[in-house]
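Chain naming here is simple, since letters A, B, ... match the order of the sequence lines and numbering starts at 1 in each.
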Amino acid sequence: MAVVPMQRVNICALKKDRKQILEALQRKSVVEICDVMKEGQVFHKDDVSDTASQLSKNIQTGQKALQILDEYAPEKKPMLAFLHGRQEVSVEEYNLFRKIHPTANKIVRRLTTLEKIVITDRAEIIKNKLQLEAMEPWVTLDIPMNFEGTDSTGAFIGILPGAWTDEKLVEILAAYGPVETKIISTIGEQTCIFILGLKKYKDKIFDLLRMNGFARPMNLSDLSPAFFIENLNNENQKLEDEIQKSIKEITELSQKRDMIQFFVDYETTREEKYEVINRLLQSEHTFILTGYIPVTETEGLKKYLEANFDVDIQFKDPSPKADVPILLKNNSFASPLESVTEGFSSPNKNEIDPTSIMSLFYYLMFGLMLSDAGYGFLMASVCGFILLKFKKMEESWKKNITMFFYCGVATVFWGVMFSSYFGDVVDVVSTTFFGKTVSIPPLWFSPTAEPMRMLVFSMALGVVHLMTGLIMKFVQCVKNGQLLDGIYDAIFWFILIVSCVFVLMSSSMFMDIVGLTFILPAQVGNIAAVIALIGAVGIIAMSGRESKNKGKRIMKGMYNLYGITGYLSDVLSYSRLLALGLATGVIGTVINKMGSMSGSGVVKVIAFVVIFCVGHTLNFAINALGAYVHTNRLQYVEFFGKFYDGGGRKYIPFSTKTKYYKIKEN
Amino acid sequence: MENLGLVLAITGAAVAALASGCGSAVGVGIGGEAASGVISEDPSKFGKVLILQLLPGTQGIYGLLIAFITLTQIGVLGGDSNISTAKGAMYLAACLPMAVVGLFSAIKQGRTSVACIGLVAKKPDQFGKAMILPAMVETYAILALLVSILSIVGIGGMSI
């Protein structure tokens, strides 16, 4: 129900057992490794970062291989796969993988090679296709593209801008005749031409053509265009075949997906281990491991290690200055909210774990903000079903879903109290379809009809929440042996606020505003006023006690008393309980109304069902999000603000952080 | 202008839904721009940034809520829709806190959300805190909502 006490653990053992001991520790995941001892004459740290980086490279290639498989041979995952959790394997199976490891490594590497082949081949095909396109206009030319003429002739193969005809060509070349011209093709604004002239005029013809914008084609192969195209096509076919073959091999290898996943996990585990080895102090034949272990685990670990290895294992209480990691442990009702506490910050070592006290308020407030029995029932039943059906799901998922299960239960509770069932669906359906209004009366009252009453209730709950925070502060101070600080900083405020509430409750004006019928007698109010005064004087006198100067101390105390406005705004902040609660109910009502307004007969029923489903899904999603966010806010800002700073370091044991398989200790 | 009361009241309801809706649209919009940037780098953060994007969306809903309560009170959605000019003006006034605060708080909350989306992109483990910062802005929208609701319900009971 609180922060688990930690102990320092020192394990000294023989180096030959190093692997087994580390692997056992990793599987048990009860020790957080920390290195405090300095290197000395005998003990040194071993540098194994080479192996570690090799392992991390393997992990990367393994993950890459899995990505490739997902791309080329996607796996059909069942819906909600994440709820199934990781598959369990025994230690023996895990150890046996060492034999398969080289094969897996080979497959991983083969997959990356195959992917590379596919990628380069695809790029090559695109390149070839571009060349094919460029060669297309020349296909009727039956001599090589780089043909420059014979002994006595000069040939020009190239492109002229604009449209040309044989006559026009002959005409401009008339001075250097005789020439043979041929228009190969015309594409757009360009003409592909072939000209054969006498060798002695070759330069002159070339100059003339250049003046007209003549350009040689990009690709001067020594093959005729038709041959060239055929060759490229053949090559593309070959590349295509190779791609198909590679993809087929990848698809075949996808049957080894399990093996690759195991490979990634195996290497991850080893990498984690090597990181620890890097931090171990080692002599020639022994090594020392130091860390933190929860007190509850010490006996089990000692027994296990002493039974299996030659070890010296010692436990001692950590020194008061040590930076001890924080592990929270709560009962099953509160433990789902540990992540909420840790989301703020783990408690520092002077603080108590607020999770269990917070849990009751958390569920209640969530329920108040969603406050619809229908939504709550859906939420609780879906979460409950998942919890029963998927027993093996990961711990973090399990906690989240359990949290929403309890939130759902609380929502049902408030929904029944305030009579909200999918808004006012009972009334609307009975009126619209059966012509007779049936409504379920609220067990307590209806916030839509009496918002003021709901506001008062919200704020009252807020005062209780805040006062619980002050009591937590007091308890915390007492635990740390600062009884007086507790009285000055918590109890005085507690007295002041509570008696102020009593004073208000004896004032007829205030009671009229909030619409409460009873009123406390004036004497009670007077007594409360006196007590409030005592509290206020106490705060003025004591809250500035660190100042030596008396005047300064009083000034500081008065300034701190001004902090009462903070309490006022804190209490007002709880009005969100009303606002969000009303929002759910009223929007639900709007949806039902819209549903009942359209059509008649069967159409009306269908329209109602459609609008009902879509509308309430949206309303549920938005309001559940709002309830979640604002419940957190009320805990973090209003409640934690009174006593909790956090700043502790979360306990992260040396463990197997695998992704696909869970290694089961037998 | 014998129906001036009704006109004023409906104007109030419309402004509440309109202004807070616009504010939320802007807020959620800029949130979405930032969120899509984060998702392009790391698709696995979708769930987290989606929540942050949606936070400024509540003002629009509060506006709708106020509009709806007003419409019900003045009998537009069935019932007697005959109200005095004074009462209509009061409904209009009652709608204003939600309209104005909703508009501005949603835009500011959107900007806080954008900043927090950046925070989550760099430090996903700080999601809890990133969620609280935009929620602080919303407090004022909630206070405005409260004043509007209480006023509207109160006006309904008056005989002016």
Side-chain angles (χ1 to χ4, degrees), chain A residues 339-345 369 431 447-452 454-455 458-459 513 515 569-570 572-591 593-594 596-597 618-619 621-638 640 646 650, chain B residues 17 24 28 44 47-48 50-73 76-78 98 109 113 116 124-154 156-157:
Chain A
S339 62
V340 174
T341 307
E342 281 162 359
F344 184 81
S345 182
M369 289 195 223
T431 315
T448 345
E450 299 173 79
M452 210 55 211
M454 182 65 197
L455 180 65
S458 301
M459 292 189 178
I513 294 177
S569 65
D570 282 350
L572 277 180
S573 177
Y574 287 86
S575 62
R576 73 189 70 229
L577 295 175
L578 156 72
L580 290 165
L582 270 190
T584 323
V586 173
I587 295 171
T589 316
V590 177
I591 293 163
K593 189 151 205 141
M594 275 169 20
S596 67
M597 283 193 302
L618 271 178
N619 190 28
I622 286 173
N623 280 292
L625 172 67
Y628 173 63
V629 169
H630 287 283
T631 312
N632 275 351
R633 182 225 138 103
L634 286 177
Q635 310 300 337
Y636 284 1
V637 182
E638 273 76 19
F640 284 180
K650 197 181 166 188
Chain B
S24 280
V28 175
S44 69
K48 286 179 178 172
L50 178 72
I51 289 181
L52 289 173
Q53 187 206 346
L54 281 181
L55 287 180
T58 31
Q59 277 86 341
I61 294 171
Y62 298 157
L64 174 76
L65 183 64
I66 291 298
F68 184 75
I69 297 183
T70 312
L71 293 181
T72 327
Q73 291 272 341
V76 169
L77 299 175
M98 191 62 244
Q109 194 178 357
S113 280
C116 288
D125 51 323
Q126 298 299 315
F127 177 64
K129 287 164 200 164
M131 202 171 60
I132 292 305
L133 299 182
M136 301 301 272
V137 184
E138 192 165 322
T139 305
Y140 304 99
I142 290 175
L143 294 181
L145 170 69
L146 200 65
V147 170
S148 290
I149 289 185
L150 294 178
S151 314
I152 292 168
V153 173

Taken in chain and number order and not counting sequence neighbours, the residues that satisfy side chain to side chain donor-acceptor pair (under 3.5 Å) with B:S151 are none

Sorted by chain and residue number, the side chain to side chain donor-acceptor pair (under 3.5 Å) partners of A:Y636 (sequence neighbours excluded) come out as none

Scanning both residues in full, the closest heavy-atom pair of B:S148 with B:M98 reads OG-N, 3.3 Å

Tightest non-hydrogen contact, residues B:L65 and A:L582, listed as CD1-O, 4.0 Å

Without hydrogens or angle criteria, can the side chains of B:Q109 and B:Y140 be said to hold a donor-acceptor pair below 3.5 Å? no

Comparing B:V153, B:L64, B:D125, B:L146 against chain A, the one with the most heavy-atom pairs below 4.5 Å turns out to be B:L146

Turns out that what part of B:Q126 lies under 4.5 Å from chain A's heavy atoms comes down to neither

Applying side-chain contact (heavy atoms from CB on, under 4.5 Å), run through B:E138 and A:H630 and close with a yes or a no.
CA-CA 9 Å; B:E138 192 165 322; A:H630 287 283; 2.9 Å; yes

Okay, A:V340 and chain B: the region with an atom under 4.5 Å from a heavy atom over there is neither

For residues 51-58 of chain B against chain A, heavy atoms under 4.5 Å, the residues are B:I51, B:L54, B:L55

Residues passing the side chain to side chain contact (heavy atoms under 4.5 Å, CB included) test with A:D570, sequence neighbours excluded, are A:L466, A:E638, A:K642

